[in-house]
Peer 1: 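The structure under discussion is supplied below as structure tokens; questions concerning it will follow.
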Amino acid sequence: MRQALENPFYYLDNFRQVLAWVGERHGDLLHDHERAFLDRFHQVPQASQALLVRMVMRKGTLFRASKLRYTEIGCPMQASVALIEHGWVETNPMLDVAQLFGLLKKDELLRVCGNAATNNQRKIDLLQAMLAEHSQPKPFASWCEGFDDAAFALTIGDLCDRLRLMFFGNIHQDWSEFVLADLGIFRYERVAFSPASRAFHERADVDAYLHLHRCRERFEAGDAAEAVLQDIPSTPYANEWLENRRGKLLLSIARQCERNGDLPLALRLHAANRYPGARERAIRVLERCGQPEAAMRLALTAQAVPESEHEAQQLQRILPRLLRTLGEPITRRVSLTQPERIDLTLPRPEGMSVEQAVREHLSRSDAPVYYVENALINSLLGLLCWDVIFAPLPGAFFHPFHAGPADLARPDFHARRAGLFDECLSRLGTGEYRDCIRRAFRDKFGLQSHFVSWGLFDEALLELALVCIPAEHLHAFFQRILQDVPNHRSGLPDLVQLWPGEQRYRLIEVKGPGDRLQDNQKRWIDFALRHQVPIAVCYVQWSEAAP
DNA sequence: TTCACTACTG
DNA sequence: TTCACACCATCCG
DNA sequence: GATGGTGTGTCTCAGTAGTGAAAC
Ligand SMILES: [Mn+2]
Ligand SMILES: [Mn+2]
């Protein structure tokens, strides 16, 4: 049964709220015709407004009247009149064969094209047959003579995407955020950000975001790299956030060039890209096209000032290989201290992961084991530093549906809040951190946070963790994560075992047959060994052969 | 007839 | 729009 | 065995209706 909201036009209210919000805060970033839409929208009948919003919220831009039946709207033909007058919706649109296929059911398609098509073939094969036969688009009514139905095309989808982007500051949050929040499915922290807060300050930035997004969609849809590249600016954006997005897209396009064998283009793109990881790819491409000297030069440049621990780690593998290629002497790497190794032979569990099997095997009544991966440490960090993470710094929050600050993944995330974080983490030195975490757990329970996984994390585990994990360890964990949130929030071991009687714990990374430590896991292991954090790697073999 | 998958809903 | 694992190819001692 | 790379499944709110294809 569906939950009931008292207002059947709830979605229209939400849409109006976005229009008002954007009009108030982003009015100067709108063109005249866009502002005119905001004004005129309120002047059409309510049923027409509602029908438009229903279309905006649904997938695609083409709809049949028979599929637009809503009790609160009534007759869609009648409601569409005002929308067509304003040009927001087009009636009887031209449709090519592919669009027609999206609109009609299979038996209807067979009626439309009474040719050699038979009911036996699948719909996708029918499309192939019809594509060859009908190349010209036709209006819906011409395709479907004798159908008692009409078709509409939404023409303001792009404008609504723009408004949504200006409201949320990203393209992946959609109109359903409102109703999900109203129903209590997603609950968000209330952040006291200033009324002047907004996602964008320049229209050109909105344009650039939308443009990059379209380019990415084309690239992911299979458009040729060269074609997409022609539309991506070749010079950096002044806005650092957008430049980051440009760099990320260029990195994935250049990697596709690597796969296609276009190494010169890949190298050119990587070399000009400041996005993290691009320099490493440039080194690898140079290595691959037989330029070990150039690869070595770039690798040494990188080693002098590595952009991240990840890059330094890659270089430790790349540099010896390059030295060998160049015939230079290799200094053997000193083998670092290794984590404790556990070898287990277990019966292959059915319907259970290898991590769960090890969890059950190692669990004791006085030392339970939890399968937490990144959730435990990140959640403790998110709870202790809740108020810092949700502090209303300029530009960090600008709508009611944030699970974290907008600059969470930026390099200066920690630096911008250094004082606040220092003060917050200092509580780990006094013992008041436990009550602080408990209080956040109770007060904030269920509120969306990028750091806190409420589902994988209950109060029993919280108490055990607070008893068993020393404050100094928590401090070291948190510092490392905050130093580079996107790179360091992952790679933590699968399991944690807690001995409340002895106030100790250990982390256990499980490796089944064929699995091996990943780079980010190795970096966490190195960290743990440096900080005397008990850590083990558990290698599992199956005691019987696979059936 | 059943089942898998998608779009839609609040 | 994430993260971790499963699996494959290649190279090397 | 070490390394690099690619593909896959898991997430997504839970429940419902519609569609199309496979099972029977
Ligand atoms: Mn894992
Ligand atoms: Mn593991």
Peer 1: For D:dT19, take OP1 and OP2 only and decide whether either is under 4.0 Å from a side-chain N or O of A:K105.
Peer 2: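 So the side chain of A:K105 is within the cut-off, an N or O lying under 4.0 Å from OP1 or OP2 of D:dT19.
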Peer 1: Can you check the distance between D:dT10 and B:dA4, where both ends of the measurement are the P atom (answer in whole Å)?
Peer 2: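 Here D:dT10 and B:dA4 have their P atoms 14 Å from each other.
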Peer 1: Name the nucleic acid region contacted by A:R255, choosing base, sugar-phosphate or nothing; use a 4.0 angstrom heavy-atom cut-off, strictly under.
Peer 2: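 Sugar-phosphate: the residue A:R255, judged by heavy atoms under 4.0 Å, touches backbone atoms but no base.
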Peer 1: Considering every strand and a 4.0 Å limit on heavy-atom distances, what is the contact class for A:I185: base, sugar-phosphate, or nothing?
Peer 2: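 Base, at least one base heavy atom under 4.0 Å.
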Peer 1: Does D:dT10 pair with anything, Watson-Crick or G-U wobble, both distances under 3.5 Å, and if so, with which nucleotide?
Peer 2: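 Here D:dT10 is not engaged in any pair, so there is no nucleotide opposite it.
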Peer 1: Tell me which of A:K248 and A:V354 sits closer to the 5' end of DNA chain C, going by the nucleotide each one is nearest to.
Peer 2: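 First, find each residue's nearest nucleotide; the 5'-ward one identifies A:K248.
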Peer 1: Taking only side-chain N and O atoms of A:Q521, does any of them lie within less than 4.0 angstrom of OP1 or OP2 on C:dA4?
Peer 2: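 The answer is no; no side-chain N or O of A:Q521 sits under 4.0 Å from OP1 or OP2.
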Peer 1: Measure OH/A:Y10 against P/B:dT9 and give the value in whole Å, please.
Peer 2: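 That distance rounds to 7 Å.
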Peer 1: With DNA chain D as reference, determine whether A:Q448 or A:E280 sits nearer its 5' end, using the nearest nucleotide of each.
Peer 2: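 Going by which nucleotide is closer to the 5' end, it is A:E280.
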Peer 1: What nucleic acid atoms does A:E258 come within less than 4.0 Å of, heavy atoms only: base, sugar-phosphate, or nothing?
Peer 2: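 No contact at all - A:E258 keeps every heavy atom at 4.0 Å or more from the nucleic acid.
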Peer 1: May I ask you to evaluate whether A:R216 reaches the phosphate of C:dT1, defined as a side-chain N or O under 4.0 Å from OP1 or OP2?
Peer 2: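 So the side-chain polar atoms of A:R216 do come within 4.0 Å of the phosphate oxygens OP1 or OP2 of C:dT1, strictly under.
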Peer 1: Taking the P atom in each of D:dT19 and D:dA23, what is the distance between them to the nearest angstrom?
Peer 2: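 Result for the P pair: 22 Å, nearest Å.
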Peer 1: Return the value, rounded to whole Å, for the distance between atom NZ of A:K67 and atom C1' of D:dT16.
Peer 2: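 It is 14 Å, rounded to the nearest whole Å.
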Peer 1: Do A:R111 and A:D107 have side-chain heavy atoms sitting under 4.5 Å apart?
Peer 2: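 They are not in contact (no side-chain heavy atoms under 4.5 Å apart), so the answer is no.
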Peer 1: Of all the choices, D:dG18, C:dT1, B:dT9, which nucleotide is nearest to the side chain of A:R245 once you look at every atom?
Peer 2: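 My answer, after comparing the listed nucleotides, is C:dT1.
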Peer 1: Do A:W542 and A:P349 have side chains that approach each other closer than 4.5 Å (heavy atoms only, starting at C-beta)?
Peer 2: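 Yes - at least one pair of side-chain heavy atoms lies under 4.5 Å apart.
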Peer 1: What's the CG-P distance between A:L315 and D:dG4, to the nearest Å?
Peer 2: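 To the nearest whole Å, that distance equals 11 Å.
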Peer 1: Which residue is it: A:R281, A:R279, A:R317, A:R523? I am looking for the one with a salt bridge (Lys or Arg N to Asp or Glu O under 4.0 Å) to A:E311.
Peer 2: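 When salt bridge (Lys or Arg N to Asp or Glu O under 4.0 Å) is applied between A:E311 and each of A:R281, A:R279, A:R317, A:R523, only A:R279 qualifies.
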Peer 1: Which nucleotide wins on minimum distance to the side chain of A:D515, given the candidates D:dG18, C:dC5, B:dG10?
Peer 2: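 Looking only at side-chain atoms, A:D515 lies closest to C:dC5.
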Peer 1: B:dG10, OP1 or OP2 - any side-chain N/O from A:R54 closer than 4.0 Å?
Peer 2: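 Yes, because at least one side-chain N or O of A:R54 sits under 4.0 Å from OP1 or OP2 of B:dG10.
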Peer 1: Can you identify which nucleotide, out of D:dT12, C:dA4, C:dT1, has its nearest atom closest to the A:F186 side chain?
Peer 2: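 For the A:F186 side chain, the nearest candidate turns out to be D:dT12.
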Peer 1: Side-chain donor-acceptor pair under 3.5 Å between A:N14 and A:E177, yes or no?
Peer 2: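 The criterion, which ignores hydrogens and geometry beyond distance, is not satisfied for A:E177 and A:N14.
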Peer 1: OP1 or OP2 of D:dC13 versus the side-chain N and O atoms of A:S176: is any pair under 4.0 Å?
Peer 2: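 A:S176 to D:dC13 OP1/OP2: no side-chain N or O under 4.0 Å.
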Peer 1: Pick the P atom in B:dC5 and in D:dT8, then give their distance to the nearest Å.
Peer 2: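 Comparing P positions in B:dC5 and D:dT8 gives a spacing of 15 Å.
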Peer 1: Using only heavy-atom distances, decide whether a donor-acceptor pair under 3.5 angstrom links the side-chain of A:R281 to the base of D:dG5.
Peer 2: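 Side chain to base: no pair below 3.5 Å.
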Peer 1: If only side-chain N and O atoms of A:R288 are considered, is one of them under 4.0 Å from the OP1 or OP2 phosphate oxygen of D:dG4?
Peer 2: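 Checking D:dG4 against A:R288, no side-chain N or O comes under 4.0 Å of OP1 or OP2.
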Peer 1: Does C:dC11 have its OP1 or OP2 closer than 4.0 Å to a side-chain nitrogen or oxygen of A:R324?
Peer 2: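 A:R324 to C:dC11 OP1/OP2: no side-chain N or O under 4.0 Å.
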Peer 1: When we call it a touch if two heavy atoms are under 4.0 Å apart, what does A:E509 touch: a base, just sugar-phosphate, or nothing?
Peer 2: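 A:E509: backbone/sugar contact only, no base atoms under 4.0 Å.
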Peer 1: Taking only the side-chain nitrogens and oxygens of A:Y70, find out if one of them lies under 4.0 Å from OP1 or OP2 of B:dT9.
Peer 2: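 Looking at the OP1 and OP2 atoms of B:dT9, one of them is under 4.0 Å from a side-chain N or O of A:Y70.
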Peer 1: Quantified in whole Å, what is the C1' atom distance between nucleotide D:dT12 and nucleotide B:dT6?
Peer 2: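 The answer is 15 Å between these two C1' atoms.
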Peer 1: When you compare the side chains of A:N260 and A:Q256, does any donor N or O come within less than 3.5 Å of an acceptor on the partner?
Peer 2: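 The answer is yes; a qualifying pair exists.
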Peer 1: Look at A:R284 together with A:E258 and state whether they make a salt bridge at an N to O cut-off of under 4.0 Å.
Peer 2: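 Salt bridge: no.
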Peer 1: For nucleotides C:dT1 and D:dA14, find the distance between their P atoms and express it as a whole number of Å.
Peer 2: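 23 Å, rounded to whole Å.
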Peer 1: OP1 or OP2 of C:dA4 sitting under 4.0 Å from any side-chain N/O of A:K511?
Peer 2: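 For C:dA4, neither OP1 nor OP2 has a side-chain N or O of A:K511 closer than 4.0 Å.
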Peer 1: Whole-Å distance between C:dA6 C1' and A:W542 CH2?
Peer 2: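 The distance from CH2 of A:W542 to C1' of C:dA6 comes to 13 Å, rounded to the nearest Å.
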Peer 1: Please work out if A:D182 contacts a base, only the sugar-phosphate, or nothing of the nucleic acid, heavy-atom cut-off 4.0 Å.
Peer 2: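 If one applies the 4.0 Å heavy-atom cut-off, A:D182 turns out to touch nothing in the nucleic acid.
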Peer 1: State whether a side-chain donor-acceptor pair under 3.5 Å links A:R359 with A:Q356.
Peer 2: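 Yes, a side-chain donor-acceptor pair sits under 3.5 Å.
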Peer 1: For D:dA2, does either OP1 or OP2 sit under 4.0 Å from a side-chain N or O belonging to A:R317?
Peer 2: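 Checking D:dA2 against A:R317, no side-chain N or O comes under 4.0 Å of OP1 or OP2.
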Peer 1: Would A:R54 pass as a cation-pi partner of A:Y11, given that its NZ or CZ must be under 6.0 Å from the six-membered ring centre and within 45 degrees of the axis?
Peer 2: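 Satisfied, under 6.0 Å and within 45°.
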Peer 1: Distance between the C1' atoms of B:dT9 and D:dG9, in whole angstroms?
Peer 2: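 To the nearest whole Å, 27 Å.
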Peer 1: With a 4.0 Å cutoff (strictly under), does any side-chain N or O of A:R284 reach OP1 or OP2 of D:dG4?
Peer 2: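 Result: yes.
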Peer 1: Using purine N1 to pyrimidine N3 plus N6-O4 or O6-N4 for Watson-Crick, or N1-O2 and O6-N3 for G-U wobble, each under 3.5 Å, what pairs with C:dT1?
Peer 2: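 Answer to the pairing question: none, since C:dT1 forms no Watson-Crick or G-U pair.
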Peer 1: Nearest-Å distance, CD (A:Q256) to C1' (D:dT6)?
Peer 2: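 In whole Å, D:dT6 C1' lies 12 Å from A:Q256 CD.
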Peer 1: With a cut-off of less than 4.0 Å, is there a side-chain N or O of A:K106 near OP1 or OP2 of D:dG18?
Peer 2: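 So the side-chain polar atoms of A:K106 never come under 4.0 Å of the phosphate oxygens OP1 or OP2 of D:dG18.
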Peer 1: CD of A:Q314 versus C1' of D:dA2: gap in Å, rounded?
Peer 2: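 Rounded to the whole Å, the gap is 13 Å.
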Peer 1: On the nucleotide D:dT6, are OP1 or OP2 found under 4.0 Å from the side-chain N or O atoms that A:R259 carries?
Peer 2: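 Yes, within the criterion.
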Peer 1: Rounding to a whole Å, what distance do you find between A:I318:CD1 and D:dA2:P?
Peer 2: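 Going from CD1 in A:I318 over to P in D:dA2 covers 18 Å.
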Peer 1: Tell me whether the OP1 or OP2 atom of C:dA4 has a side-chain N or O from A:N374 closer than 4.0 Å.
Peer 2: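 Answer yes for this pair, as a side-chain N or O of A:N374 is under 4.0 Å from OP1 or OP2.
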Peer 1: What nucleotide among D:dG5, D:dT19, B:dC8 has an atom nearest to a side-chain atom of A:R516?
Peer 2: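 For A:R516, the side-chain atoms sit closest to D:dG5.
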Peer 1: State whether A:E243 and A:R246 are salt-bridged, where the test is any N-O pair (Lys NZ or Arg NE/NH1/NH2 against Asp/Glu carboxylate O) under 4.0 Å.
Peer 2: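 Between A:R246 and A:E243 there is a salt bridge, with a charged N closer than 4.0 Å to a carboxylate O.
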Peer 1: Is A:G491 touching bases, backbone alone, or none of the nucleic acid, heavy atoms closer than 4.0 Å?
Peer 2: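 The residue A:G491 makes sugar-phosphate contact but no base contact.
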Peer 1: Atom OH of A:Y11 to atom C1' of B:dC8: distance rounded to whole Å?
Peer 2: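 Rounded to the whole Å, the gap is 13 Å.
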